[in-house]
Structures are given as structure tokens and as C-alpha cells.
Enquirer: 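Have a look at this one before I ask anything.
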Number of protein chains: 2
Amino acid sequence: MTQEQATHQKISSTIQRQVNRAKILRTLKMLQPVARVDLARETGLSRATVSSIVDELVMESLVEEMGATASRGGRRPILLRVIPGREGRCAIGFELSRNNLTGILVDLHGRVIASHRDLLPAGYLEPASLVDLIQEQVLRLTGPEDPAIRGLVGVGLGVPGLVDPVTGCVQVAVQFGWQNTPLKDMLEKRLKVPVKVMNSVKAAALGEVIYNHHSPEPSPNPRLYLSLGQGIGSALIIEGKLLSGASNTAGEFGHITVAPGGPLCTCGNSGCLEAVAGLPALVSRYLELARMEEPSRLTMAPGEFPYLTSARFLEAVAAGDSLAGRVVAEAAEQIAIALAGVINFTNPELVILGGPLSQVGSALLDPLTQALRRRALPLPLSQVRLVTASLGANAVGIGLGATLISQLSEVVLSR
Amino acid sequence: MTQEQATHQKISSTIQRQVNRAKILRTLKMLQPVARVDLARETGLSRATVSSIVDELVMESLVEEMGATASRGGRRPILLRVIPGREGRCAIGFELSRNNLTGILVDLHGRVIASHRDLLPAGYLEPASLVDLIQEQVLRLTGPEDPAIRGLVGVGLGVPGLVDPVTGCVQVAVQFGWQNTPLKDMLEKRLKVPVKVMNSVKAAALGEVIYNHHSPEPSPNPRLYLSLGQGIGSALIIEGKLLSGASNTAGEFGHITVAPGGPLCTCGNSGCLEAVAGLPALVSRYLELARMEEPSRLTMAPGEFPYLTSARFLEAVAAGDSLAGRVVAEAAEQIAIALAGVINFTNPELVILGGPLSQVGSALLDPLTQALRRRALPLPLSQVRLVTASLGANAVGIGLGATLISQLSEVVLSR
DNA sequence: TTTTTAAGTTTAGGTATTAAACAAAGTATT
DNA sequence: AATACTTTGTTTAATACCTAAACTTAAAAA
């Protein structure tokens with residue numbers, strides 16, 4: 001057996017045991033630092049059972065004693081905590097983007113311990129070379145002698161493309177030219193730890209949702225993450241679980257029709273949200289308006305093609321460029337049409353605006369909330385907390401890491 | 001104790017036991033009639049455990065022996081089955097509509113054993129009188145000496161309005177002028193059996209979904225029920241569970257914007273689907289077209305107000321009236337805009353068209369499928385089976401009855 | 001008849017939980 | 001200081017439920 005398996009998973013345990021372990025771990029995280037008695041009182045289990053399970057958790061490097069604290073009139077209680085940092089167990093979440101591979105080492109609390117970013121080599125990225133790169137980063141993030149590598153819970157990977165989260169097979173990743181690539185199997189073979197592969201928007205959603213609402217008890221109410229960028233995607237989380245759908249394409253927010261008879265979309269439909277509020281559409285709209293109203297804005301050599309990147313457009317918005325602001329406000333109106341529908345339909349408690357466009361702040365948020373007030377039903381709208389994503393590029397890694405960590409206290413009802 | 005409690009519920013049992021009971025009941029329903037050995041092989045449990053649990057199930061009037069069958073080389077196996085009909089346990093589902101109270105007695109297989117419809121008294125319906133009526137129908141459906149009443153699993157009630165399915169409290173029911181009416185508590189006090197109260201569209205959705213896909217294993221993929229009538233509502237079922245949302249309003253399909261800037265809706269927004277494709281809108285549109293194109297159609301005394309009920313409009317559609325057909329086709333286009341968005345967003349495996357408008361058949365279905373092909377993404381659309389509801393007015397009762405029955409084999413992970 | 005085979009039950013042993021007794025380590029009281 | 005409570009954590013005995021294996025029952029095969 002390899003050294004990675006030194007800290008071995010409990011292979012068998014009854015369902016009863018799993019449920020009680022999960023209960024204890026959950027309340028421990030919530031009340032930490034906390035003594036066994038309190039865990040017993042809080043979970044409703046007997047002190048004997050709590051002791052027995054805590055012993056197990058200590059053996060597995062999940063929990064440690066912090067020594068006795070002040071007496072409460074009798075024997076001093078021994079405080080327990082979930083082991084923080086490298087000394088406890090860890091997970092690593094990777095984000096694969098067009099140009100970078102970013103790995104984030106996360107501890108048992110879901111906190112970032114270390115991160116590392118590599119530029120991807122130019123040209124076609126062979127899946128096998130990605131596996132090499134990931135293995136390299138795993139070692140760099142932990143160090144071959146690091147306790148973290150011996151207690152590595154698992155490795156996650158977020159890929160921009162269509163992924164079957166169960167098999168971990170990348171069905172299509174246009175940006176990399178991959179089709180039916182069994183990345184999970186390849187990585188597990190190499191790394192000898194459980195691997196989770198999923199779409200990166202969904203992973204980011206998990207990260208942001210956990211960060212915005214990191215109760216140990218996942219809320220049963222829907223929470224929506226919206227990714228506004230070149231494309232417009234989303235992820236819906238219900239009872240802490242991502243909605244995948246029958247073909248793993250759930251969350252296609254960008255192809256909701258908001259302007260019937262409007263501009264043709266790449267998907268064949270007309271008036272899709274993405275076709276009117278995706279970043280490319282906003283850039284064109286900006287150029288169009290500028291040409292019509294203030295040609296002076298387009299400072300360029302005469303005869304030069306008016307070229308503008310999305311990034312520079314977003315900078316202009318942030319800098320307070322009024323024309324760019326108008327374009328964003330127009331987009332907000334369109335986004336609100338789709339979002340109001342989804343709010344009415346799913347009745348979420350939280351909507352997180354992510355993706356590059358979300359980072360312009362009130363330029364988007366103000367017109368969006370106004371339009372929502374006009375278009376969404378009052379009752380569902382009143383339940384929604386609308387926030388801007390805050391984890392930026394780290395969301396994917398954090399989401400995957402936290403997901404792997406939370407699987408430690410998950411109850412598996414076999415079939 | 002009252003006589004209703006003669007067949008008493010198992011009050012305590014470990015989680016392990018619950019899981020195994022559920023497993024056995026599920027496979028029993030699937031393979032019935034079947035012997036203990038086969039259950040053991042199929043579930044992976046030992047024959048001893050199967051015997052012990054089957055004994056319990058027999059005691060609880062859920063399962064019975066059918067006698068031995070042909071030997072397979074040794075002792076003859078004793079076949080078991082879930083008790084059908086009144087001899088086994090039953091549940092009753094009620095539908096409360098504007099004018100009627102319909103009760104449906106359902107057996108352990110979810111099959112209809114008996115049903116009864118009462119006209120509601122004219123005028124305001126006191127919640128307390130509804131409780132009386134329901135108690136009366138329960139007795140009429142079972143008879144005071146009927147075995148069914150002694151094995152009644154529970155009673156369900158579908159109400160047109162906003163219901164908290166957990167507390168069973170009717171928050172708002174405009175048609176009856178109720179607000180915060182704790183119907184569940186009132187009924188449980190009277191009937192002394194568990195009561196489930198929910199919105200009737202959601203209950204109908206459960207009924208149709210179970211009927212269309214009655215595997216004992218609920219599919220993890222979303223399934224959508226659409227109710228097309230005066231209003232337009234829907235219910236989304238994921239992993240066999242209804243999506244409720246943060247304020248129990250999930251499923252508001254009618255207020256998805258399909259025509260921005262279109263006609264004003266009662267909700268304050270403009271261009272809601274309900275405002276252009278709800279039955280009242282279709283009737284007005286029909287009258288408008290008729291007035292413009294074929295005034296002769298509107299056969300009425302001169303000076304009479306052109307009055308047309310929804311029911312008569314639907315009859316016209318069914319009779320092949322071309323003008324009415326055009327109106328439905330127009331509506332289908334609008335419905336498709338919203339439905340395509342929801343299909344893209346939730347990626348369902350099944351969409352069931354319910355409500356009065358759905359019953360016109362291909363007049364709706366043909367233009368709808370055509371429009372969907374234009375507007376929905378190919379991959380999600382390819383996963384959808386689009387069907388018309390088939391249970392009619394019985395859907396609500398069947399859905400509630402089947403839900404109550406399925407709760408018998410449900411595992412409850414306390415908090 | 002006797003042997004073999006299969007279905008169902010009983011029994012012995014293991015895991016996991018709880019209540020209750022017990023040990024450890026403090027505070028409060030005399 | 002000695003004694004009496006208190007509280008925490010552990011050990012112990014009883015219980016629930018599972019499994020493997022032995023056993024009983026009842027048929028087919030030899």
C-alpha cells in the first residue's frame with residue numbers, strides 16, 4: 001500500500017453510526033470549542049456514545065483535544081475542536097481556466113491555507129499533461145513531508161464545460177477541445193485519493209453559497225448563483241445540493257428568452273439573455289452608442305477598427321464612464337426579466353451575482369434591484385437576499401475543497 | 001384510546017431498521033409476489049433480517065402471505081404481497097375546489113378504491129364546516145366498520161391557495177377568504193390520523209408524476225407539472241420531492257415575463273405569461289379576433305354583450321373551431337417562451353401539461369412542440385418527455401394518497 | 001426409503017446505543 | 001484540612017438489530 005493511505009478511511013460503519021458521527025461533527029463545528037457533555041446535550045446522544053465517536057474522530061485526525069478549561073463546579077471539561085490548518089485533514093480544489101490552473105488547499109473548516117497558480121502551456125492541453133500538472137501542484141501545495149498530504153481528503157477540479165459530476169467525465173469542453181474525457185478516473189489512478197470533477201460555474205456557486213451562508217445545516221431553500229460574463233450561466237443549490245438535471249445542463253440561464261424576436265443567439269433562438277446581456281453584446285452596444293452619440297470617445301488612429309476588450313469595457317464602467325453605465329443599466333433590465341422569472345419560479349432565499357460583470361457594483365446592482373421590484377412577485381422577492389460574489393477567482397477552489405470536506409460528514413444511504 | 005388507533009404505528013425503531021424496512025417494502029412492491037429468499041437476495045440483507053421485518057410488516061397490515069407456490073427443488077417458498085384494497089392500509093386524498101369536495105380512497109399500491117364527490121354549500125365556507133364535511137366523507141368512503149378506517153394511514157387535502165406544507169397551515173386561500181387557517185391541526189384533532197395539507201396544483205403534480213413514472217425509486221431528475229387554466233401555475237419535483245421555496249410560492253410559472261412591454265398583469269408586471277395565455281386572456285383574444293374577422297360567429301341577440309365562458313371556449317377548440325385553434329396556437333407560442341426557459345434552466349426529464357387548457361390535445365401540443373424546438377436548447381430538450389396529464393380531477397386525491405402511502409416507507413433522519 | 005435441496009427459523013456472536021454505576025477532578029461547606 | 005457535593009468523562013450491563021451458521025421444514029431426486 002502507498003503511504004498516502006496511512007490515515008485510512010473507516011471502510012465500514014453502520015448507518016446509525018454515520019448519522020451520529022455527522023451530527024457530532026456538525027455541532028462540533030458550530031459550537032467549537034466545546035466539551036463532550038455539551039455535544040451530548042446538543043445532539044441528544046448519550047455521553048458514552050459521544051465519547052466513543054469522538055475517539056474515532058481523533059484517530060482520524062479530524063478532531064483534537066485542547067486541554068481542560070475552567071471548572072463549572074466539578075471536573076474540568078476537556079474542550080474539543082476540529083483540527084485547523086495543515087495538522088488536520090485537508091482538501092485541494094483546482095480551477096482550470098483558459099490560461100491558468102489554480103489550486104487551493106483548504107482545511108477542515110473550509111479555510112484557505114495555501115494557493116498556487118500556474119500558467120498553462122500554450123497550445124493544445126493534453127488531458128494527461130493536466131494530470132501531471134495537478135500532481136505537481138498537489139505536491140507543491142503540501143510538500144512531500146507535509147502532514148496534509150497524508151491526510152488529504154480528496155482533490156477537486158472545476159472545468160469550464162459539460163461535466164457529469166457522478167462519473168467525473170468531461171463530456172464536452174470546447175475551450176480545450178475535449179470530449180468524453182474521464183478526468184476523474186485518470187486523476188484517481190494517479191493521485192490515489194477521491195477526486196471530484198465538476199463544471200466550474202457550479203463549483204463557484206458552491207463556494208460562494210457556503211461563504212455566504214456557511215451554516216453546517218444546509219438550508220432547504222433554493223439558492224441561486226448567477227455568472228455574468230462572456231456567457232451567462234447559473235447554478236441552483238437546493239438542500240445543499242447542486243441541481244444537475246437530466247443531462248447535466250441545468251442552470252442554463254443565458255438562454256432564457258427575454259426579447260422575443262430580438263437578436264439571434266448562437267443557440268438558434270432569438271432574444272436570449274446572453275445575446276443581449278453577455279459581455280460581447282454589451283461591448284458592441286457600447287461601440288454602437290458611442291459611434292452614434294459621442295464619436296470622440298472612441299480615441300483611435302483614423303481608420304483604425306474600433307476594438308475594445310470586455311476587460312477594458314468593465315474598467316470604463318468602474319471608472320464611471322456614463323455611456324458604459326447606461327449600457328450596463330440596459331443589460332440589468334434584461335437580466336431582471338430573466339431573473340424575476342427564475343425568482344418567481346424557484347422562490348430562492350439567496351441570489352449571488354458572480355462573474356466579471358457582477359464586479360462593477362452598484363452600476364449593475366441598482367438598476368437590477370429596481371427592475372426586479374417592477375417585475376418579480378412581491379412575496380418571493382421579499383425573501384431574496386441579493387448579493388455580489390466575494391470570493392473572486394478563489395470561489396471554484398474553495399467550493400470544491402469545502403464540498404470534499406463536507407463529504408466527511410455525509411450519510412450515504414446505499415441505493 | 002380511540003378505536004382508530006387499534007392498528008398502531010411503530011413508534012420507535014432505529015434508523016437502521018427504517019432503512020431496511022424501506023428497502024424491503026420497495027423491492028416487495030417491485031417484484032411482488034415474491035418470497036423472503038428473493039427479497040434477501042435482492043436487498044442484500046440476510047434471510048433472518050428479512051423474516052423479522054416481514055413479520056413486522058404483516059403485523060402492521062402492510063403485507064400478507066399468499067400461500068406457498070411451486071417448489072424450486074426444496075421447501076416451497078411462501079409468496080408475499082403488499083395487501084391490496086380495503087383489507088390493507090389505506091389513505092384518503094381530498095381535493096377542495098371552488099364548488100366541490102372530492103375524496104379518493106387509495107390502497108397501498110396507490111390505486112383508487114373508491115371516490116366520492118360532494119357539492120359544497122353555497123356561500124362562505126367555514127373552515128370548521130369543511131372539517132365536518134371531510135369527517136363525513138371519510139366515514140362514507142370507508143364505512144364505520146370497514147377495515148380501511150382502522151388502517152387509515154392518513155388524510156390529505158389539496159387546497160387552491162398558499163399553503164405551508166410543513167405546518168399544514170393555509171396562509172392564503174382567496175377563493176375561500178381564508179388566512180392563516182391551521183387546517184392540518186384542526187383535521188388531526190378531529191380525525192386522529194396524520195393529515196397532510198398542500199396546494200392543489202402541487203398535489204396534482206405529485207399524482208401525475210407518480211402515475212407517469214411510478215418507479216419505487218424516485219428519479220433524481222427534475223420533473224415539471226404545468227397547470228394551464230385561469231391562472232398558470234406549476235410544480236417542480238426533484239428526487240421525488242416538491243420544491244417549496246423560501247415562502248412556499250415556488251412554481252409561479254404564470255408570472256414569467258414572455259412579452260416585455262406587453263399587457264399589464266394583475267401582479268403589476270407587464271407581459272406575464274398569465275396575462276397573455278391564461279384562459280381569460282384567450283377568451284378575450286378570441287372575441288377580439290371574431291369581432292374583427294368574423295362577426296357572424298358571435299351569435300347573439302343584437303346589443304347583447306358578447307359573453308363567453310372558458311368552458312365554452314375550450315369546447316370550441318375541441319370542436320375544431322379554426323379561430324379558437326389559432327388563439328390556442330398563439331398561446332402555445334407564448335407558453336413555449338417561458339417553458340423553453342424553464343427547460344433550459346432546470347433540465348427536466350418530464351414535463352406534464354395539466355389544467356383545462358391541456359385537455360385540448362394536439363391543438364396545443366403541436367404548436368407548442370414546434371415552438372420549443374425553435375426556442376429551447378437541443379440537449380436539454382432532447383431529454384424531455386412532454387406529455388398531457390391523464391388523471392383529470394383525480395390527480396389531486398391520488399397525489400395526496402400516494403404521498404401518504406409512500407411515507408410508510410420513508411426514512412426520517414431527525415434534524 | 002434415503003438423500004439432496006431449498007425456504008424459512010432459531011441461535012450465537014458482533015456492533016452500537018443507552019442508562020446507570022463509577023472514577024476523576026474540581027468546588028463548597030464545616 | 002476534612003468532608004460533602006458537582007460535574008465530566010469512562011466503564012459496565014442491558015437492549016436492539018444485524019449476520020453467519022446451524023437447524024427445521026417440506027419438497028424433489030435417487
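Throughout, protein chains are lettered first and strands after them, A, B, ... in sequence-line order, and every chain is numbered starting at 1. Source: prediction; values computed, not measured.
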Enquirer: Rounded to whole angstroms, how far apart are CG on B:D55 and P on C:dG8?
Expert: 12 Å

Enquirer: Report for the helix from C:dT1-D:dA30 to C:dT30-D:dA1: angle between first-end and last-end helix axes, five pairs each, rounded to 10 degrees.
Expert: 30°

Enquirer: Between B:D164 and B:G168 (side chain of the first, backbone of the second, donor and acceptor by atom type, cut-off under 3.5 Å), is there such a pair?
Expert: no

Enquirer: Calculate the interatomic distance between A:E65 atom CD and D:dT8 atom P; express it in whole Å.
Expert: 15 Å

Enquirer: Pair A:S46, A:T49 - check side chain to side chain donor-acceptor pair (under 3.5 Å), show working.
Expert: CA-CA 5 Å; A:S46 71; A:T49 304; 3.0 Å; yes

Enquirer: For residues B:R76 and B:T69, report the shortest heavy-atom separation together with the two atoms involved.
Expert: NE-O, 3.0 Å

Enquirer: Find the distance A:K23:NZ to C:dT18:C1' and express it as a whole number of Å.
Expert: 13 Å

Enquirer: Measure from CD1 on A:I78 to P on C:dG26 and round the result to the nearest Å.
Expert: 11 Å

Enquirer: For the residue pair A:T167 and A:K184, what are the closest heavy atoms and their distance?
Expert: O-CD, 3.5 Å

Enquirer: Enumerate all atom pairs, one protein N or O and one N or O from nucleotides 24-27 of chain D, separated by less than 3.5 Å.
Expert:
{"from": "D:dA26", "atom 1": "N3", "to": "B:R75", "atom 2": "N", "distance (Å)": "3.3"}
{"from": "D:dA27", "atom 1": "OP1", "to": "B:R76", "atom 2": "NH1", "distance (Å)": "3.3"}

Enquirer: So, B:R223 side chain and B:L350 main chain: donor-acceptor pair closer than 3.5 Å or not?
Expert: no

Enquirer: Hey, could you give me the CD/CE distance between B:E217 and B:M30, rounded to the nearest 0.5 Å?
Expert: 7.5 Å

Enquirer: In this structure, how many angstroms lie between the P atom of D:dT8 and the CG atom of A:L80, rounded?
Expert: 13 Å

Enquirer: A:I15 has an atom CD1; how far is it from atom P of C:dT17, in whole Å?
Expert: 13 Å

Enquirer: With sugar-phosphate meaning primed atoms plus P, OP1 and OP2, does B:A68 contact a base, only sugar-phosphate, or nothing at under 4.0 Å between heavy atoms?
Expert: nothing

Enquirer: Which pairs, protein N/O on one side and nucleotides 18-22 of chain D N/O on the other, fall under 3.5 Å?
Expert:
{"from": "D:dC18", "atom 1": "OP1", "to": "B:N20", "atom 2": "ND2", "distance (Å)": "2.8"}
{"from": "D:dC18", "atom 1": "OP2", "to": "B:R17", "atom 2": "NH1", "distance (Å)": "2.2"}
{"from": "D:dT19", "atom 1": "OP2", "to": "B:S46", "atom 2": "N", "distance (Å)": "3.2"}
{"from": "D:dT19", "atom 1": "OP2", "to": "B:S46", "atom 2": "OG", "distance (Å)": "3.0"}
{"from": "D:dT19", "atom 1": "OP2", "to": "B:T49", "atom 2": "OG1", "distance (Å)": "2.4"}

Enquirer: Check whether B:E64 reaches the backbone of B:V82 with its side chain - one donor and one acceptor, N or O, closer than 3.5 Å.
Expert: no

Enquirer: If we only count heavy atoms from C-beta on, is the A:L105 to A:V112 side-chain gap below 4.5 Å?
Expert: no

Enquirer: Is any side-chain heavy atom of B:S52 closer than 4.5 Å to a side-chain heavy atom of B:R17?
Expert: yes

Enquirer: Kindly say if A:R72 contacts the phosphate of D:dT8, meaning a side-chain N or O under 4.0 Å from OP1 or OP2.
Expert: yes

Enquirer: Could you state the atom-to-atom distance from CG of B:L39 to C1' of C:dT9 in whole Å?
Expert: 16 Å

Enquirer: Return yes if some donor-acceptor pair links the side-chain N/O of B:S51 with the main-chain N/O of B:A48 below 3.5 Å, else return no.
Expert: no

Enquirer: Drop me the distance from A:L242's CG to A:E239's CD, to the nearest 0.5 angstrom.
Expert: 13.0 Å

